[in-house]
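The structure appears below as structure tokens.
Model, not experiment: these values are computed from the prediction. Throughout, numbering of the chain's residues begins at 1 and tracks the sequence.
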Amino acid sequence: ERLPIGKPEVLRSAPVARLRAFYDAFYRPDRMAVVVVGDIDEAGIEASVGRAFGSLSARAPEAARGDGTIPLPPGLAARVVTDPEITQSSVQLIWKRPAESNTLVGDYRRALVERLFQDMLNDRFGELARKPDAAFLAAGGGGGALSPRVNSFSLSARVPDGGLSAGLRAIVVEGKRARRFGFTAPELDRAKRSLAAFYDRAYNERDKTESGSFAREYVSHFLSDEPSPGIEYERRLVRQVLPGITLDEVSALARARLSGDNQVLLTTSPEKPNVTKPSEDELRQAVVASEAEDVAAWIDETGAKELMAVKPPPGRVESRRELPELGVTVLRLSNGVDVWLKPTDFKNDQVLFSMYAHGGTSLAPPEDFTSASMATSYVGLSGAGGLKATDLDKLLAGKLVSASPFIALSSHGVSGGASPAELETALQLLYLKLTAPGDDADSFALLTRQPAAMVANRGRSPREVFQERLDAVNTSNHYTSDPLTPEVVAALDRQKMLAFYRSRFANAADFTLSVVGAFQVDTVIPLLSHYVASLPSTGTRRSAFKDLGIRFPAAIERARVERGQEPRSQTVVSFFADPPPDPAEQEGIVAATTILQTALRDMLREELGQTYTVSVELSQDLPQRGGGSIAISFGAAPENIATMTNRVLAEVRRLQQEGPSAELTARAKESARRGYETALRQNGYWLRRLESAHLLGQNPADILRRPARIDALTPSSLRDTFERYLPLSRYTTVTLVPAGSQP
């Protein structure tokens, strides 16, 4: 009776009665568990769980339990599926087999062998996908459980339209290559190093593991008897057995997983007149023909042996000051880079960094905006320091390091991280990506091949068309919201990409670097002197972002998108909301969106029973101003959308007139406090907040003053927030409805 599944007359309907009977038969307290993990008082939580669930009892006989049996008929079953709304073509070849045990040490060892096999196979597919003549856009292999008694392993590929047969051939041939010749010693060595690094990090963080990770493991243990021995035991076991795993073992497992007579072949593709789909018999014949092809052993090109053969001449630290309130040390390097260092004990094996500057794609001419926005993707595919991207991946196998350049709308920089022991490698990678970005014609071909295949079916996905229309309406058709089209992809310019990238990272003095995590300041300073203070610089900060003139519509606008066959609709109501970066104003927005989402969820979902998807969030590209909005998104049956939209507007009007209740205000403030308390113990939070404070010209000390801002919120102040940032005279409504729907 308490389930929010509809109006009273709906609850009395026959389908819901059947649903209730199904619910009673399967949702039984004697077959359930409650998992609670966190900073808790065990006795108090146990008592609370008992009060909440102890009185529940079964209301119907238990439903018959299936045994998980799935038929394993011999042969190759094939199925070809087309759909007018599908936007990508894909092929998947699946082998089914009886499930293996997972309770013994030997089973765990077999699982490690399988993981090594999958990692090596997927590395091969990743390398093949980078070749100009690759038959697929992306491919991979993986396994899992189909039921408690049946497991599977599959090879799959995403291919250009019309390329199903070619993509199928490619994955079958690679499967045969692995089955016949196995893998090489360098491949196995890299896979072992990566696997060992994964377990080492989990072990090093064993006393800082997030509660959700424990909860998921306990749930798996309850539902499927998956062993849960703990990371200390697992790491010790991995250290014992991993060195002894041989190429012969991995090759034998490859033969077992990539063979068998219980196969399923699935293909999906857009339903288009100019795309010929193969028949099921043609696909079966393609598998047979591919298996008959002669294949050679894989040649592993290991490339360079070290990341940086010659270190750059070091710079120096010009000044140093302490911010005791924040636990931050601020350095000024000789090339003009400001460095903010915050050592923490939140994680034992994590250091995060972000080097950032004003500018971004706002500095690109409008006609080059897309090329500029894809510049870092191109460099990422091309490699750095004279090394191809595949060589970098192989060289860094087993090292938990990253340094990824980014170019956003109003800023650009490099974000990354490493374990404390490997921070020098990460900073070397940062140096190379800024001073010696790759430039490779094959990588450019790969970069354009991926979006070209994606936009070939632009306009077929209803939700994609809906999102494009929403972006266009809410930016007043600004060029930054223009969708990617075949013409835009064809006009991408490799030299413009590289030139824009180099211009953004040419002057180190433009940048501020924040480093947060498990390190000691005096230990990291020599590394910064070598790899950051040595970056090329003019000595003067010059880069600044440009106001692009993105503006939210000045009045009420409505748009309707008719696409698709699914009998459901989606609506987004967006209100002009462009608050300044002032922390107090932003805090009011956070609370207001939380309150509005709660109120709408209760009203639309529970009172009306018409939607289960209500979200309210601020969208704002600071420091750009004039285009921000608060968007309210919800979905429901098409016939209910108009009523729900009116109810949403009425609720906004009510909150502007009356303000939120004291209870809703208190709940929003408590949610903010709990979130803040959790965030203060996260390296990522501190890195983001330090970065945003610098980019927006705020006082970083405001990070610690949030509790006072939360406490200052009142129903009256929030009523003012609703009035200012949800104006009923300036909003847009964009709705997606099925094709042919009545207005």
Side-chain angles (χ1 to χ4, degrees), residues 4 467 470 473-474 552-553 556-558 569-622 627-636 640-676 706 709-736:
Q467 187 62 50
L470 177 64
V473 169
N474 283 358
F552 191 85
I556 298 173
E557 290 194 16
R558 296 181 176 88
S569 295
Q570 183 75 25
T571 288
V572 177
V573 181
S574 305
F575 294 85
F576 174 64
D578 200 44
D582 174 74
E585 288 292 301
Q586 295 287 330
E587 195 66 57
I589 291 286
V590 170
T593 54
T594 300
I595 287 170
L596 183 56
Q597 180 168 302
T598 302
L600 292 176
R601 181 198 63 202
D602 294 345
M603 179 183 70
L604 298 180
R605 187 179 69 181
E606 298 184 8
E607 293 181 18
L608 301 180
Q610 292 183 347
T611 184
Y612 288 85
T613 56
V614 183
S615 66
V616 182
E617 60 182 13
L618 172 69
S619 176
Q620 190 179 27
D621 266 322
L622 293 172
S629 63
I630 290 178
I632 305 171
S633 305
F634 52 91
N640 294 331
I641 282 290
T643 301
M644 292 172 62
T645 302
N646 291 335
R647 288 295 299 270
V648 166
L649 296 174
E651 183 64 13
V652 170
R653 183 177 293 106
R654 185 190 69 79
L655 288 168
Q656 291 176 344
Q657 295 172 349
E658 304 174 8
S661 67
E663 179 195 5
L664 274 178
T665 301
R667 287 166 60 183
K669 292 169 68 172
E670 183 63 19
S671 173
R673 290 190 190 97
R674 296 287 82 79
Y676 176 70
R706 190 181 177 196
R709 295 193 295 272
I710 296 173
D711 290 342
L713 296 171
T714 65
S716 177
S717 71
L718 289 171
R719 179 175 58 80
D720 294 340
T721 300
F722 280 110
E723 287 184 347
R724 282 198 304 275
Y725 298 120
L726 286 100
L728 289 169
S729 60
R730 193 175 180 185
Y731 68 87
T732 67
T733 301
V734 183
T735 300
L736 171 67

Go through the side-chain N and O atoms of Tyr725 and Glu585 and say whether any donor and acceptor fall under 3.5 Å apart. yes
Is the backbone of Ser661 close enough, under 3.5 Å, to the side chain of Thr665 for a donor and an acceptor to pair up by distance? yes
Expected output: side-chain Gln656 to main-chain Leu726 donor-acceptor under 3.5 Å: yes
Is a donor on one side and an acceptor on the other found under 3.5 Å between the side chain of Thr613 and the backbone of Gly635? yes
Has the side chain of Ser569 got a donor or acceptor atom that lies under 3.5 Å from a matching backbone atom of Leu736? yes
Glu651: which residues meet the salt bridge (charged side-chain N to carboxylate O under 4.0 Å, His left out) condition with it, sequence neighbours left out? Arg654
For Gly588 and Thr721, work out which heavy atoms get closest and say how close. O-CG2, 3.8 Å
Looking only at side chains, do Thr735 and Thr571 share a donor and an acceptor under 3.5 Å apart? yes
Going by atom types alone, do Arg709 and Tyr676 pair a side-chain donor with an acceptor below 3.5 Å? no
For the backbone of Leu713 and the side chain of Ser717, can you confirm whether one donor and one acceptor N or O come within less than 3.5 Å of each other? no
Between Arg719 and Glu658, does a salt bridge (Lys or Arg N to Asp or Glu O under 4.0 Å) hold up when you go through it step by step? CA-CA 7 Å; Arg719 179 175 58 80; Glu658 304 174 8; over 6 Å; no
Any residue meeting salt bridge (charged side-chain N to carboxylate O under 4.0 Å, His left out) with Glu617, in chain and number order, not counting sequence neighbours: none
